[in-house]
J.: 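Mind looking over this structure? Questions follow.
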Amino acid sequence: MMDYETIIGLEVHAELSTKTKIYCNCTTEFGGEVNTHTCPICTGQPGVLPVLNKKVVDYAIKVGLATDCSITPLGKQDRKNYFYPDLPKAYQISQFDLPICTNGKVEIEVDGLKKDIGLTRIHIEEDAGKLLHEAVDGTLVDYNRGGVPLIEIVSEPDLRSEEETREFLNQLKAILEYLEVSDCKMQEGSLRCDVNVSVRPKGQKELGTRTEMKNVNSFSAACRAIKYEAARQIEALEDGEVISQETRRWDDDKGKSFTMRSKEDSHDYRYFPDPDLVAISIDEQWIKRIHDELPELPRAKVERYIKIYNLSDYDAGQVAGNKAMADMLDEAVKLGASAKFTCNWLLGDISKILNDKNMEASEIPFTARHIADMISLIDKKTISNTAGKKVIDELFDSPRSVEQIVKEKGLAQISDEAALLSVVDEVLKNNEKSIADYKKGKTNALGFLVGQAMRLSKGKGNPQMFNDMIKRKLDSL
Amino acid sequence: MKTVITEEDVRYVANLAKLHVPDGQINALTKQMADIVALADKLSDVDTSGIEPTNHVIPVNNVFREDEVRPSYPRDEMLANAPMSSAGCYFVPYTFDE
Amino acid sequence: MELYTLTASEMHELLKTKKASSVEITNSVIGRIDDVDATIGSFLSSTFDSALDTAKTVDEKIARNEKIAPLAGIPMAVKDNMCTKGVKTTCASRMLENYIPMYDADVVAKLKKADVPILGKVNMDEFAMGSSTETSYFKKTRNPHNIERIPGGSSGGSAAAVCADEAVYALGSDTGGSIRQPSSHCGVVGLKPTYGVVSRFGLVAFASSLDQIGPITKNVADCAKVMDLIAGHDEKDSTSFNIDYPNYSANLIPDAKGLKIGVPREYMGKGISEDVSAVIKNVIKQYEDMGAIVEETSLPLTDYYLAAYYIIACAEASSNLARYDGIKYGYRTKDFSDLTDLYKKTRSEGFGDEVKRRIILGTYVLSSGYYDAYYKKAQQVRTIIRNGFSDELDKYDLLLTPVTPDVAFKFGEKSSDPITMYLEDICTVSINIAGVPAISVPCGVNRENLPIGVQLIGKHFGEPTLLRAAYAFEQSGFFTPQKPQIKSVKGSK
């Protein structure tokens, strides 16, 4: 079999977190009762007209600047015409030939190799409504999402693997989160992507025929879809078949992509400039205003974490890749906690609990202050590391002050030598065999004795002090 | 320029526009379309090289709205005109794409 | 003299001086509708009760010696393509036969705020597509001057109602002549304002870049008054102009002295009937006698107006009318097998032939491979036409042309061939393409006593000059329109 290369391009749709829809004053809030966030405008009643939400343009420029795009001095909005029940006007207002942003890039790093992934364009458009397939004999239409602003980010076919794709999506999501322009909640559909995949024999210059997969709802689904589709195409080519350019639907449950019922008219969208909307003119001043508002972005954060916080490349990337974590880290450091320790807690126990609970870092119910307090108590040896883990568990269950938790749960460590001495004496009295072993040179007997001391103190004794005291006693015997 | 309009063209376009053209009418409609398109074809005589298209007859730009929430409309009022509704939604035949 | 025959200005005087109440005036006009509408057929729906309620409110204000707005208490009619909250808005289409908007068009909100009694919604060509009101799904509207003839269109119901004294004034909409042409045919005053002067919010769109709402009135002074009420910036319409609007009534002076008027020779040539041509020539002479400077001039690409107009208008219409799919509102076919079948049957049964023809043409010119040759080309030609008007209107205060090639035609005369019908708009479509304002003023009759109008075309935002020139002409006494004689066929009410 020939060696093939997979070529991947993405179209990422991100719902913007503006308060109102793109062309009317209805709320964008998620989770309202069906059809309660609608008005004549977003349901396309006869006679209504759209007026563009300025924030939408601000946000698109912001994303463009954060991804090194050129911002168009003159943008316009076009109608994309097609019939579907989720599209109340039977056209979607989008941008055809003059998108807000063009020609940008996002840097990714896979296996230590850095690579720029080109962005063809970023344009603004309106979301469609939602079709609910709940009824027995038909489909229900809910227009609450109809008219929520979206940006569509189109990448160049620069991605070559699932790993690169996942990393690109992670980077993009981190950028959108840092900019606070999108909630990026996959489960609420605020981030979705279409995946374009083609394959070609290694070394071949021209691209193979690509297929587009729709309905990809998570990063891991994107990776699965790519893997499946590349394999399918390679197999087809090996069998001497020709790949046809088509739109396919990804079914993540079945792990397969399917040809969508071919609609002869599905690509004749009859784009034309929307006569109800006027041109968007973006001058230097506007761009500068947005530029001045840009926060520190993930790549800059990674560099700072490595240089200033002395984190490893890997840790820095992990924490910076998640805005909520990075915010916690920076905040905890500001409160005097060690960056290294904070990072270890965030990527260790806290991440594990998030994973178990299927939660996002942004949903952590406690603050950086809690982490800093906990680390400070460990530093002062008031509590042990083990007790620290308990504190985190408690914080997830019901956030309250760390001191209170330590008190309630009796987690404070005993570091009073006099109090520990009776425990040490007790342990030495009951473990003569271990003492003999130690004397014979079996140094791991010390560990055993410390463990006994910890058990006897119900975990509250300072293990380091136990260690020192027992060793001193043994050595003097 | 002289564009030839075929019945096939009319069928294709009617389908795009989601209009049904009965077989009995396709011939007459194609003829009418051909006449109108012939009228439209006259434009090819005009030299428009270097001429910008007019999207707005009096140029204005940057008309925006502030991002302020106003109350949506009551659902009952919105659904009152719907030919069919169910469970607070507009109701359509199956849209499954398989 | 019956109250219903008066102009808005005259009625306002009666109200102010308490010589007549708004309820009396409104009842008089309602009585007139009862008398003649069975013959004329202007109204699609009536809202007499709410009109009388408004009239009562105005009378109470007058009784309390409160100042009332110039059009308060004076009953009028609205073309049935402007949304009225709680009142059917059908666009004279089966598609919207039972559509009841949940909101008011901006102009309707302005009428209500000014205490204007709205008598009802009047007939039109379906979705404003037509020049005779014959494409209405519901009924014929007859020309009050000769009921064998069409009133013009698409605002045929508006013009006929004003002509027949069934409304003191009416609102119409004009995409390619739909206010001016029926006004000319019915012998009333009709103004299409500069694009962007009157909010389109709530006007059911035909062709968004060409549509404009305007007044149809009994005289020029009333026209200025209605403009004072409806013109102005609306933040709900992105194409509405945010400028200081003049007081149109205050600028009315009966003086045409020194006005420079251009007469584009292309509009006076072939296709224009002898009678129309003769009347227009006399109007030109009258303007000269009034001290205006009139010169022959020329406009570019007049042969291409219709082509550019129909491409742009139909393209936009094909998209604007796509929303009528039987899901959210409007007509829905009874039997369908699946979604596509629902769409196709609903739209094919809900729309009339002319609407479907234009949707198909519009879809064609936007479809893959044809966009550049048609739509983009038409928009480029639009630039040339627009610049041509700008150049001429730099030289002249206004341009003067006929409104229509001939007087109102007979029912059925032009409906068999779309192109013949389209030629009816030959003098008017370019004004919408250029976005400039134009007014139709009654200026004479043909041999059969059928009305002829003259079209005055102004610069962008040049309505004050336009109204002044029209007012001067009207006041000169050159032509006094005669009221039509309508046989009363008592309606069922």
Side-chain angles (χ1 to χ4, degrees), chain B residues 1 3 5 9-10 12-22 25 29 32-33 35-58 60-66 73-74 76-85 90-96, chain C residues 98-100 102 194-196 209 235 238-239 241 301 303-304 306-308 310-311 318 322 325-332 336 338-340 342-345 347-348 351 356-357 359-365 367 373-374 376-384 386 418-419 422 433-435 460:
Chain B
M1 187 171 77
T3 312
I5 301 287
D9 293 332
V10 175
Y12 171 76
V13 171
N15 182 52
L16 271 184
K18 295 288 172 277
L19 289 170
H20 179 66
V21 184
Q25 286 170 28
L29 186 60
Q32 280 178 347
M33 282 293 296
D35 288 348
I36 302 171
V37 170
L39 174 73
D41 277 341
K42 282 179 77 169
L43 284 192
S44 60
D45 302 344
V46 183
D47 179 8
T48 51
S49 45
I51 306 274
E52 281 295 314
T54 294
N55 291 329
H56 285 286
V57 74
I58 308 169
V60 229
N61 50 36
N62 291 0
V63 176
F64 298 117
R65 189 171 58 72
E66 294 304 318
Y73 273 58
D76 293 350
E77 248 177 74
M78 297 304 302
L79 288 171
N81 278 298
M84 264 182 104
S85 63
Y90 304 85
F91 186 88
V92 293
Y94 277 125
T95 54
F96 285 123
Chain C
N98 295 307
Y99 179 66
I100 300 174
M102 66 287 281
T194 306
Y195 184 80
S209 78
E235 58 182 24
S238 304
T239 61
F241 276 89
L301 301 189
D303 286 347
Y304 302 95
L306 277 183
Y310 276 94
I311 291 169
S318 73
D325 57 6
I327 295 175
K328 305 158 300 279
Y329 42 73
Y331 179 79
R332 179 182 207 152
F336 48 87
D338 58 15
L339 183 63
T340 304
L342 167 68
Y343 283 148
K344 288 191 177 178
K345 281 196 181 133
R347 291 168 58 77
S348 300
F351 291 135
K356 282 188 270 194
R357 196 151 43 228
I359 290 174
I360 287 178
L361 177 71
T363 306
Y364 175 75
V365 299
S367 67
Y374 293 117
K376 188 174 170 208
K377 184 87 180 178
Q379 295 286 50
Q380 287 173 312
V381 170
R382 182 173 195 177
T383 305
I384 302 175
R386 192 186 85 103
I419 304 265
Y422 296 172
I433 293 174
H460 288 137

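So that the names make sense, note that chain A is the first sequence line, chain B the second, and so on, each numbered from 1.
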J.: I'd like to check Ile327(C) versus Met84(B) (side-chain heavy atoms, cut-off strictly below 4.5 Å). Are they in contact?
T.: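 The answer is no, as the side chains (C-beta and beyond) never meet within the 4.5 Å cut-off.
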
J.: Side chains of Val37(B) and Tyr374(C), heavy atoms from C-beta outward: is any pair under 4.5 Å?
T.: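 They are in side-chain contact.
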
J.: Which atoms of Ala434(C) come close to chain B, meaning under 4.5 Å heavy atom to heavy atom: side chain ones, backbone ones, both, or neither?
T.: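 The backbone, not the side chain.
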
J.: Under 4.5 Å from any heavy atom of chain B, what part of Leu361(C) do you find: side chain, backbone, both or neither?
T.: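 The answer is both parts of Leu361(C).
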
J.: Checking the side chain of Thr383(C) only, and the main-chain atoms of Glu52(B) only, is there a donor and an acceptor separated by less than 3.5 Å?
T.: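 Such a contact is found between Thr383(C) side chain and Glu52(B) backbone.
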
J.: I need the minimum non-hydrogen distance between Gly330(C) and Pro83(B), along with the two atoms involved.
T.: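 The answer is O-CG, 3.4 Å.
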
J.: If you take all heavy atoms of Arg357(C) and Met33(B), which pair is closest and at what distance?
T.: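 Taking Arg357(C) first and Met33(B) second, the nearest heavy atoms are O-SD, 4.4 Å.
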
J.: Roughly how far, to the nearest 0.5 Å, is CG of Asp35(B) from OH of Tyr422(C)?
T.: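 Here the interatomic distance stands at 10.5 Å.
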
J.: Return the CG to CE distance between Leu79(B) and Met102(C), rounded to the nearest 0.5 Å.
T.: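 It is 8.5 Å, given to the nearest 0.5 Å.
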
J.: Given the options Tyr343(C), Tyr195(C), Tyr304(C), which has more heavy-atom pairs under 4.5 Å with chain B than any of the others?
T.: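 Going by pairs under 4.5 Å, I would pick Tyr304(C).
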
J.: So which atom in Asn15(B) and which in Lys344(C) form the shortest heavy-atom distance, rounded to 0.1 Å?
T.: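 Heavy-atom minimum between the residues: OD1-NZ, 2.5 Å.
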
J.: How far apart are the C-alpha atoms of Asp325(C) and Lys18(B), what are their side-chain angles, what is the distance that settles it, and do they pass the side chain to side chain contact (heavy atoms under 4.5 Å, CB included) test?
T.: CA-CA 9 Å; Asp325(C) 57 6; Lys18(B) 295 288 172 277; over 6 Å; no

J.: Against chain B, label Ile433(C) side chain, backbone, both or neither, depending on which of its atoms sit under 4.5 Å from a heavy atom there.
T.: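 Contact with chain B: backbone only.
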
J.: Go through the steps for Val63(B) and Glu235(C) under the test side chain to side chain contact (heavy atoms under 4.5 Å, CB included), then give the verdict.
T.: CA-CA 9 Å; Val63(B) 176; Glu235(C) 58 182 24; over 6 Å; no

J.: Quick one: CZ on Arg347(C) to NE2 on His20(B), what's the gap to the nearest 0.5 Å?
T.: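 Here the rounded value is 14.0 Å.
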
J.: Do Tyr364(C) and Val10(B) touch side chain to side chain, with heavy atoms closer than 4.5 Å?
T.: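 They are not in side-chain contact.
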
J.: Set out, in order, the CA-CA distance, both residues' side-chain angles and the distance that settles side chain to side chain contact (heavy atoms under 4.5 Å, CB included) for Val57(B) and Ser209(C), then state yes or no.
T.: CA-CA 8 Å; Val57(B) 74; Ser209(C) 78; over 6 Å; no

J.: So which part of Ile311(C) gets closer than 4.5 Å to some heavy atom of chain B, the side chain, the backbone, both or neither?
T.: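 Contact with chain B is through the side chain of Ile311(C) alone.
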
J.: With sequence neighbours left out, write down each residue that passes side chain to side chain donor-acceptor pair (under 3.5 Å) with Arg65(B), or none if nothing qualifies.
T.: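 Side chain to side chain donor-acceptor pair (under 3.5 Å) check on Arg65(B) returns Thr20(A).
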
J.: Please state whether the side chain, the backbone, both or neither of Ser318(C) comes within less than 4.5 Å of a heavy atom of chain B.
T.: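 Answer is neither: Ser318(C) stays 4.5 Å or more from chain B.
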
J.: Check each atom of Asn55(B) against the heavy atoms of chain C and say whether the ones under 4.5 Å are side chain, backbone, both or neither.
T.: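 Both backbone and side chain of Asn55(B) come within 4.5 Å of chain C.
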
J.: Going through the distances and angles, do Ile58(B) and Thr194(C) end up as a side chain to side chain contact (heavy atoms under 4.5 Å, CB included)?
T.: CA-CA 10 Å; Ile58(B) 308 169; Thr194(C) 306; 3.7 Å; yes

J.: In the structure I gave you, are the side-chain heavy atoms of Gln380(C) and Val46(B) within less than 4.5 Å of one another anywhere?
T.: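 Heavy-atom side-chain distance check fails, nothing below 4.5 Å.
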
J.: For Asn81(B), check side chain to side chain donor-acceptor pair (under 3.5 Å) against everything at least two apart and list the hits.
T.: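 By the side chain to side chain donor-acceptor pair (under 3.5 Å) rule, Asn81(B) matches no residue at all.
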
J.: So if I apply the side-chain contact (heavy atoms from CB on, under 4.5 Å) rule between Ile360(C) and each of Ile36(B), Val13(B), Asp9(B), which one comes out positive?
T.: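 Result: among Ile36(B), Val13(B), Asp9(B), Val13(B) is the only option passing the side-chain contact (heavy atoms from CB on, under 4.5 Å) with Ile360(C).
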
J.: Below 4.5 Å from any heavy atom of chain C, which atoms of Phe64(B) appear? Answer side chain, backbone, both or neither.
T.: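 It is neither, since no heavy atom gets under 4.5 Å.
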
J.: Would you confirm whether Lys356(C), through its side chain, and Leu19(B), through its main-chain N or O, come within 3.5 Å as a donor-acceptor pair?
T.: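 A pair under 3.5 Å: no.
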
J.: Would you say Ser44(B) and Lys377(C) are linked by a side-chain donor-acceptor pair, where the criterion is simply a distance under 3.5 Å?
T.: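 Lys377(C) vs Ser44(B): no donor-acceptor pair found between side chains.
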
J.: Checking heavy atoms, do the side chain of Arg386(C), its backbone, both or neither come under 4.5 Å from chain B?
T.: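 For Arg386(C), side-chain heavy atoms alone lie under 4.5 Å from chain B.
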
